[in-house]
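The structure displayed is predicted, hence computed values, not measured ones.
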Amino acid sequence: MKRWSAKTKLTLLYAAFMVLLTCAALAILFSLSNQEILSSVQSKLREQVEESLEDIEGSEGNLKIDSDFYTLEEGVYLSVYDGQDGEFLYGMIPAGFDAQADFMPDGLQTIKGRNESWYVFDLSFRADGYGEVYVRGITSVTRAENSMRVTLRFALILLPLLAAITIITCYRFIRRAFLPVKKMTETVQKIQRERSLSMRVGLPEGKDEIYYLAATFDNMLEDLEESFHRERQFTSDVSHELRTPVTVILMQCEEILQDPALSEEQRRQTEVIKKKAEEISSMISQLLLLSRADQGRQVIQKELLDISELTEMIVEEQTILAREKEIMITETIEEGIYAAVDESLYIRLLVNLISNSISYGKRGGHTEVSLQQKDGAAVLQVKDDGIGISKEDLPHIWDRFFRADSARSDGSHSGLGLSMVKWIAKEHGGDIEAESVLGEGSRFICRIPLPSKEN
């Protein structure tokens, strides 16, 4: 199920609430309006009939009806009937009212006609000088209900429209309120993409929690940047300081080894010291390179080179080193592949991959190096049949100082080589990936984009 954004969830929640509220309002409006309108019609009917009694007078057996009696007010039709035989005497009867309803003094009746329903209210009245008469009031129930339906139709249109406008306004308000959050997210993504802690959210001063969060986030980034800067500077300074004593150790080892008076045991011990000093010197060199890369001070000088020929030279050099461990290196290199690379960095990349396969290879094993041109890229592969890497360790091999199985390697690797290889591939616009099965070997695949033919 697709994950929705917070502003979409809030808008949908608010929309659901507004729809529920609108439906409830319409239901209440329909119920109350129906009762209120009908009750109002009944009250007006009674009122008109009672007030009409003032327009009726009797004199010597005759009735005198004032002209106001014939005025149609608020849809109420008035008529007068003889109290003895119920004969119609005066007044108006609405068209369509053809029912013969019995008189029900002071009672309200509902009469259903062919097309309409009617309220009928009768009132008995004794006119002086004439006798008893019935005054009847008639009004249409259907017309009153129709007017109510018109109101409800209007409400059915107006209320959803108001709900929609409110929802849209709410969405725009929520989106505007979440703009600082969006900016913070974009800043974090840009930091991850560009690997730079110098960026800031930089929101203007505000008083709500989001602005306070942004300010806190900026302060945290500032502290992290300062911390990383100190760490990189420390690494760089320490590496520089260590180069001199390590160089002195190597020089002294060379001097001692030239002494013919050394015993075999002394020579062996000196060779061990020299080897470890060389490893430390290599580690310092790698640390300096990575430190300069982190600080953006590493200069990369790319030039168009025949990397096929360069790869063959490197493989030939590494073959001599592999013989010590009885590992055979074979090559499959396509000729005439030219790429824009920094020669020293490309050499370091390939040397690290091959020496890594030797370090973690099995005695008497095999390493394959291939270089092919495919899909506009130079595809470099180094495959071995060594100890392999476990599935759990494979994602971490690019981390600095990580060694998947130091106990089973020859111990000559510092754990910086693959981290450097990944950085070199990235700086050349390429990428590198690893495939491995524990106990069966590993394969590293590096892709470096080739210049277009137009160039």
Side-chain angles (χ1 to χ4, degrees), residues 231-295 297-301 310-311 313-327 329 342-361 363 367 382 386 397 399-424 427:
E231 179 184 343
R232 290 168 181 169
Q233 190 63 44
F234 173 78
T235 303
S236 179
D237 293 344
V238 169
S239 300
H240 275 290
E241 292 297 325
L242 288 176
R243 292 184 74 178
T244 301
V246 171
T247 302
V248 172
I249 293 172
L250 286 171
M251 291 175 62
Q252 292 298 316
C253 286
E254 291 289 346
E255 290 289 336
I256 294 172
L257 289 172
Q258 292 177 7
D259 187 355
L262 280 180
S263 65
E264 287 299 323
E265 180 64 21
Q266 290 172 333
R267 187 174 298 276
R268 186 187 65 79
Q269 292 175 351
T270 306
E271 289 285 357
V272 171
I273 295 172
K274 180 185 175 184
K275 183 179 179 181
K276 292 301 179 183
E278 288 173 345
E279 292 175 5
I280 295 173
S281 178
S282 175
M283 182 188 299
I284 291 172
S285 177
Q286 292 174 340
L287 280 173
L288 281 172
L289 177 61
L290 291 174
S291 177
R292 286 194 296 267
D294 290 340
Q295 297 173 14
R297 296 189 294 108
Q298 179 62 37
V299 179
I300 300 177
Q301 297 178 340
L310 188 58
T311 303
M313 294 172 55
I314 299 169
V315 171
E316 187 176 347
E317 292 176 358
Q318 293 298 308
T319 300
I320 300 173
L321 300 177
R323 289 173 185 168
E324 297 179 3
K325 202 171 180 180
E326 300 177 3
I327 292 177
I329 300 179
D342 183 304
E343 183 175 1
S344 62
L345 291 181
Y346 181 80
I347 293 173
R348 189 184 289 267
L349 179 146
L350 186 52
V351 168
N352 278 334
L353 289 178
I354 297 176
S355 63
N356 189 73
S357 71
I358 296 172
S359 177
Y360 290 94
R363 183 167 293 277
T367 294
V382 177
I397 61 174
D399 298 341
R400 296 180 186 180
F401 298 105
F402 179 84
R403 285 185 284 186
D405 195 344
S406 58
R408 297 168 64 191
S409 71
D410 60 11
S412 62
H413 282 254
S414 62
L416 293 172
L418 290 180
S419 178
M420 183 179 300
V421 164
K422 189 175 185 67
W423 174 80
I424 294 172
E427 289 300 311

* To do: Decide if atom CD of E264 counts as having more than 12 heavy atoms of other residues, nucleotides or ligands within a radius under 6.0 Å.
  => no
* Interatomic spacing from NZ in K325 to OG1 in T367 - rounded to 0.5 Å -> 9.5 Å
* **Whether over 12 other heavy atoms sit under 6.0 Å from Q269 CD** => yes
* Identify the heavy atoms of T270 and C253 that sit nearest to each other, and give their distance. => CG2-O, 4.0 Å
* Out of curiosity, L310 CG to L350 CG, how far, rounded to the nearest 0.5 Å? -> 8.0 Å
* Examine the side chains of E254 and Q258 and answer whether a donor and an acceptor come within less than 3.5 Å of each other. => no
* How far does CD1 of I329 sit from CD1 of I314, to the nearest 0.5 angstrom? -> 11.5 Å
* Which heavy atom in I327 sits nearest to a heavy atom in I358, and how many Å separate them? -> CD1-O, 3.7 Å
* Asked: Checking N356 side chain against N352 main chain: does a donor-acceptor pair fall under 3.5 Å?
  -> no
* Asked: Should K274 and L250 count as side-chain neighbours, where that means a heavy-atom distance under 4.5 Å?
  -> yes
* Asked: What distance separates I249 CD1 from K276 NZ, expressed to the nearest 0.5 Å?
  -> 13.5 Å
* With a 4.5 Å heavy-atom cut-off, do L353 and L418 have their side chains touching? -> yes
* For V315, does its backbone N or O pair with a side-chain atom of T319 as donor and acceptor, under 3.5 Å? -> yes
* Asked: In Å and rounded to the nearest 0.5 Å, what is the CG to OG distance from L349 to S344?
  -> 11.5 Å
* Grab the two heavy atoms, one from E271 and one from L257, that are nearest each other, plus how far apart they are. => OE2-CD1, 3.6 Å
* Asked: Just how far is it from atom CD of Q252 to atom CD of E255, taken to the nearest 0.5 Å?
  -> 6.5 Å
* **Side chain to side chain, E427 and L345, heavy atoms closer than 4.5 Å** => no
